[in-house]
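In the text below, chain A, chain B and the rest are named by the order of the sequence lines, each starting its count at 1. Quick caveat, the model's predicted, so the values are computed rather than measured.
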Amino acid sequence: MSTKSYWQRFERQRISRRRVLAAGGVGAAGLAIAAACGGGDGGGDNGPDATAVPTGTNGGPKYGGRYVYHIEGDWGTIDPLTSVGFAPGIFPRIYSALLDRSRIQSDVFYFDLAEELEQPDAETYLFKLRQGVKIAPNTLGIEERDMDAADVKSWFDRIDGDERAVLSPFAKQNLESVTVTDPQTVTLMTNKPYAYTLFRIGAPLGSTIPPREFFEQGLDIEAQGVGAGPFGTIKAGSFSESGGIVAQRNPNYYRTADNGDQLPYLDEIEAVRISDRQPRRVSFLDGQIDSYTAEDRAEVDGLLDDVSDALVTETANNTYIAFNMHPEKAPWNDEKIRKAAGHALNRQEFVDLIVGPEGGRPNGLVHWPLGDFALSPEELEELQPYDPARSRELIKEATGEDSIDIKVMYPVSDIQFHDKHLPIFLSQMAEAGFNIEEDVRDFGNWLVNYQNLEYDASLSLNQVYETAEIPLDWHSVNGPQGDRNFGTGIGGLYPEIEAAIADTKTKTDPDEHIAAVLETQRMIYEKGPSFLPIMSWTAFTLYHSYVKNVPTGLGATGLYLWNEAYIDKGE
Amino acid sequence: MQRYIIRRLIQGGIILFVLSVVVFLLLRIAPGGDPAAFRCGFTCTDDKIAAIRKEMGLDNPYFPVSVDLTDPPFVSFNGESQYWRWVRELFNGSLGRDWNGAPVADELQNRLPVTVELLIITLLVTIAVGVPFGIVSAVYRNSPADYGARFGAILGLAVPNFWVATLVILIPIQYWDYAPPLTKTIAFFDSPWDNLRQFVPPAIVLAAVSAAGVMRLTRSSMLEVMRQDYIRTARSKGLRERIVVIRHALKNSMIPVVTIIGLQVAALLGGAVIVESVFNLQGVGIYFLGALVRKDYQVVQTLTVYIGAVVVLLNLGVDILYAWLDPRIRYS
Amino acid sequence: MSAIDAGDVAVAGLAPRTSRWIMAGRLARDNPLALFGLLVVIVLAVCAVFAPLIAPYGPLDFGAGTKNLDPTWKHPFGTEDLGRDMFSRVVFGARISLIVGFSSVIFGTVVGTGLGIFSGYSGGTIDSIIQRTVDTAIAFPALLILLILRQVMGPSVETLIVAVGIAIIFPVTRIIRGAVLSEKNNQYVEAARALGASTPRILFFHIAPNVAALAIIIATTLLGTAILAEAALAFLGLGIPEGTDFSMLFFLSFVGLDTPSWLGFLEGPAVTWGKDVSAARNSFPVHIWWAFFPGLAITLTVLGFNLLGDGLRDILDPRLRGRL
């Protein structure tokens, strides 16, 4: 187990995006992470904490074996163009992407299909592609050739032609052109400086690039997959929406371990679908799955009683439940009432009751897992103190009454933690002088009303944001989707806030970007934010001890590092 | 008899048609959200949802014919319609795609064997438990065995199956570190032992209610038969009680039992929703539940009509069986 | 005069009272199980009505105790994972179970009886259409019907009652229709018709009273089923949303009245047993007691109503034994 706590890593100096990319370019394998992984040279000092010491005593890594993990919900199809369900977990294993983004620290990138990036100006991204990224053997009739620039181009063409594509909004709003100069060079141009370009390209959603034969020959990419990733072949017939998927080792994979071993070690990776927590946990205890993401620290401790030698990794979860108000409707158009709601929430109590003090932290406007983009706990203590008496004063000032009637919409759901947030939320709001009329709806009904802004206020389900962009957009008049779907913020009431939010997106320099994001949050706090993230928590993932070389610190989502993991049951 | 069967089949067809229209409309008049909204999710934009609606065919009118009462002409014919598209897909077997774009026919192909095996084992348990206990209870009426069996049946009808299913997983893992296979469905021919470890516990849980019902029916039917004249005659001939029970009473008392077992199949499908969820069996029941929560029109409609068809055929089958077993019954 | 009157009243009052006591005595002797059922139902009703007085804590008071406690004297049923007292939650849970059970059964039985009488008395095409519908609906998995109705109508106490009630209509209709068919040809109905009584008159004054007893028996036997149905829906996450305000006199709001303040103890947050069993599945370290007590409460309740229903049937109409 990693001895370094997750917190220490955040307290360390933030790594500049360019520096990491440059460091990556230097390594023989072209990977920032490769050096750190092998426990070798100093690249690991500033790099993400990916210490992976082979704990097997009987010799080194072993080839073979199958690693089985669980997903929680529907796959849908496995077309990376549109799939946003649980399929993204498998895409970076099958396909290559230009870049792979660290799931832990969203401004750290590793090169994959690209091995070099030049930025002549703020709008141009010139990628040099790696040679020898070879497609896995397959039965679909796709040649075992190297991936090249034409594959990248055909993928962006496909995104351009389909509004359902995950990257479609990015392509429409920000992408100017994708040009191929030679088989190893692709140039992306944005229409204006856009700070989140690399985040979009490096996300596991919609950015993994399948071989162009799929589209030229009209192959069924919704149920099949072949790529140049470490597990580049989907076992024939193994994918079903209801069941799971088996991805098989790509013998052509370009990476080797430091000792010269061809990667990956595992023969197969299997994802099985277990939607309920109880069978999930039981099948982990019984060894039917090799890893399990626990609900909180208490559960981890309980599980360790039974599987004491399991490895535990911690990952900050970019998920939270938020309270949002419609700032154009009464009473939320009143700054004082919005601020009263801000003081009413005792975020620490949510943390303590739901995940325990070690399991999470209160959120500011940008959630804490985003590290440097979030305001410090001390500053948040000043900006959004828990103070129900102050709430009552503000309500009194605004209305002349001791309390105020509000209507809060929320969905019926058994989504993790929502059930637990609800009673705490209701009791805290009542304490602070808000008389809540509950407006409970079925999930679909809630979703549609939420999307169409048909609410006064809503306790909203899990928001998952991996960058600061959308958390800030919630405060823009156009809301998180940029077109007044789902939400609208106080940017409509205060033009200076609207301008500040727009300005953060143009800061392509990492340090300026962070400074702008922090300053914008302070501005919003002054006017009473209408979107309040409550708390985010840490995901604890347990691995059975026979899974070796698990990339600690990166948790279950450190897909890229899975190339070096292996299974040794001592048989 | 043939004419009776044909008439019942026509009636069944009409029932299914009405059922299809009712479920089609019910799903659509329900407030809030179509499957496109679910698919579109939290990153929905107007363009995206429009593209998804188009892909799903939700931008078409409901029915091929619409009636307008305000403005002549009253009846207008639409081109492509949602209902007609669905009916076509029902008949050509493609069954369309679910909310997430996966082909429904493929899904059913994977899921149907799971539910069918679950139901078969459940029925076997139901018969193996319900019938013998029913007979014992009737033959040794008012004995401790009778009271025990009857109390068991009363309990079986009262215990919520989701609770038992929950405890059936919780208790063994807590005290004996044992768990049935929960990750994915194991085919019988791949590993018969693991397959049975997976299916027998949920089947037993599911069988509690149906076995209780069958036990009670067997008992009352047996008692009814034992009162009949021909049993008295058999006894007075000096036949041994065991011969009387097995040769004479059992055969006739089984007639209503056989028919009720046929009807149990449909009822068990409801219970399958629950045990499949608890035991993570990816069958039809859990599919129906998930589809319903997501307003997955295509899946809910299709499954409802299929289950309706099964019900209609089972009803007919049971009636025919009844007539065949009991020559006193004549249909016209 | 007055003395005689008083005597008459006394005699008149005494006779049925005695017979009622005798009946109760006979019930206890012949059918101890039914008596047990009655006892369970009474205990439940008391729990439901006086929940705030019986429960030591509020059902939503998190931190009433330490999280995930096993049963102790202070928390006889233990606590769950927000530290809420399970005994209090089980006591409050009786409210939803009983209210949904009773209301839906009353709704379903009334509508079903009306439909059954109508269908049986009309005969002909109307009868056969209704009967075909009823046959199919009865054979169709009831839980699936419920799920569809619940999903179509949305989450609230009222919609849940109507959904469960609709599922109950079908079996009631079938049984009542059968009874009406046999009553219809009875001599007294024919006599009434010969005397020129109108159809509504025959239906309401001659047939309805004769099937009323039957309807009451059916209703009692269906109560357990309705309670199980509510619990199953809650377990599947489709029940009444936890913690929403709920008044046992919720039906007053239909006629525009509020629950009177002196009956304020009938109001409280909605807690359901089925939901607790479902939540407990996810508890860890494995906390069997959390799932155990709400499930036991459901079992006892359903058992109570079933036993009471069986007993009532045996007393009022022994011919129905085996048919219900």
Side-chain angles (χ1 to χ4, degrees), chain A residues 68 70 73-77 79 82-85 162-166 168-169 172 205 222-223 240-244 270 272-276 278-283 285-289 306 441-451 460-464 470 480-486, chain B residues 30-52 54-55 97-104 106-111 114 165-166 169-170 172-174 177-185 277-284 286-287 290 293-295:
Chain A
V68 187
H70 66 80
D74 277 310
W75 288 103
T77 72
D79 183 351
T82 52
S83 185
V84 290
D162 198 331
E163 267 145 357
R164 299 167 305 150
V166 179
S168 178
K172 276 190 168 176
L205 287 174
E222 293 185 345
S240 72
E241 193 195 10
S242 48
E270 175 171 21
V272 289
R273 184 193 142 148
I274 315 178
S275 39
D276 285 4
Q278 184 193 28
R280 241 174 11 236
R281 176 192 304 125
V282 170
S283 50
L285 283 175
D286 197 45
Q288 298 174 27
I289 52 177
D306 284 322
R441 291 160 185 277
D442 276 326
F443 181 78
N445 197 348
W446 169 79
L447 185 68
V448 170
N449 281 277
Y450 191 41
Q451 183 180 351
S460 305
L461 281 186
N462 299 12
Q463 321 276 333
V464 189
I470 296 177
Q481 298 305 316
D483 58 358
R484 285 182 72 88
N485 273 310
F486 296 104
Chain B
D34 59 9
F38 278 84
R39 165 100 158 264
C40 210
F42 287 113
T43 55
C44 206
T45 61
D46 296 342
D47 292 342
K48 191 172 163 193
I49 199 162
I52 291 173
K54 195 168 158 59
E55 179 201 315
R97 285 166 178 270
D98 67 12
W99 74 295
N100 226 336
V104 177
D106 290 3
E107 276 300 298
L108 286 184
Q109 207 180 343
N110 288 328
R111 291 169 182 273
V114 175
T166 301
I169 292 184
L170 277 184
I173 193 72
Q174 170 81 332
D177 280 340
Y178 172 81
L182 293 168
T183 52
K184 57 184 169 171
T185 312
S277 306
V278 177
F279 285 88
N280 197 43
L281 290 172
Q282 294 294 335
V284 174
I286 205 173
Y287 192 40
V293 170
R294 283 185 299 255
K295 289 282 200 64

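A donor-acceptor pair is defined here as one N or O able to donate and one able to accept, closer than 3.5 Å; such a pair exists between the side chain of B:Asn280 and the backbone of B:Leu182.
In this structure, A:Phe443 and B:Phe38 have tilted ring planes: the angle between them lies in the 30° to 60° band.
For chain A, the option among B:Asp98, B:Val293, B:Ile286 with the highest count of heavy-atom pairs below 4.5 Å is B:Asp98. Ranked by non-hydrogen atom pairs under 4.5 Å with chain B, the options A:Arg484, A:Arg441, A:Glu222 are led by A:Glu222.
The part of B:Pro180 that comes within reach of chain A is its backbone (N, CA, C, O), which places non-hydrogen atoms under 4.5 angstrom from that chain. For B:Glu55, the part lying near chain A is the side chain, with the backbone staying farther off; criterion is any non-hydrogen pair under 4.5 Å. A:Leu447 touches chain B through its side chain: at least one heavy atom from C-beta onward sits under 4.5 Å away, while N, CA, C and O do not. In this structure, chain A has heavy atoms under 4.5 Å from both the backbone and the side chain of B:Thr166. Proximity to chain B (any heavy atom under 4.5 Å) is restricted, for A:Gln451, to the side chain, taken from C-beta onward. For A:Asn485, the part sitting under 4.5 Å from any heavy atom of chain B is the side chain, from C-beta outward, and nothing else.
B:Lys48 and A:Arg164 get closest at one heavy-atom pair: CE-O, 3.8 Å.
Here A:Glu163 pairs with A:Ser168, A:Lys172, B:Asp47, B:Ala51 under the side-chain contact (heavy atoms from CB on, under 4.5 Å) rule; sequence neighbours left out. For A:Tyr450, the ring-ring contact (aromatic ring centres under 6.0 Å, His included) partners two or more places apart in sequence, or in a different chain, are A:Trp446, A:Tyr455, A:Phe486.
Put simply, the side chain of B:Val104 reaches to within 4.5 Å of the side chain of B:Tyr287, judged on heavy atoms.
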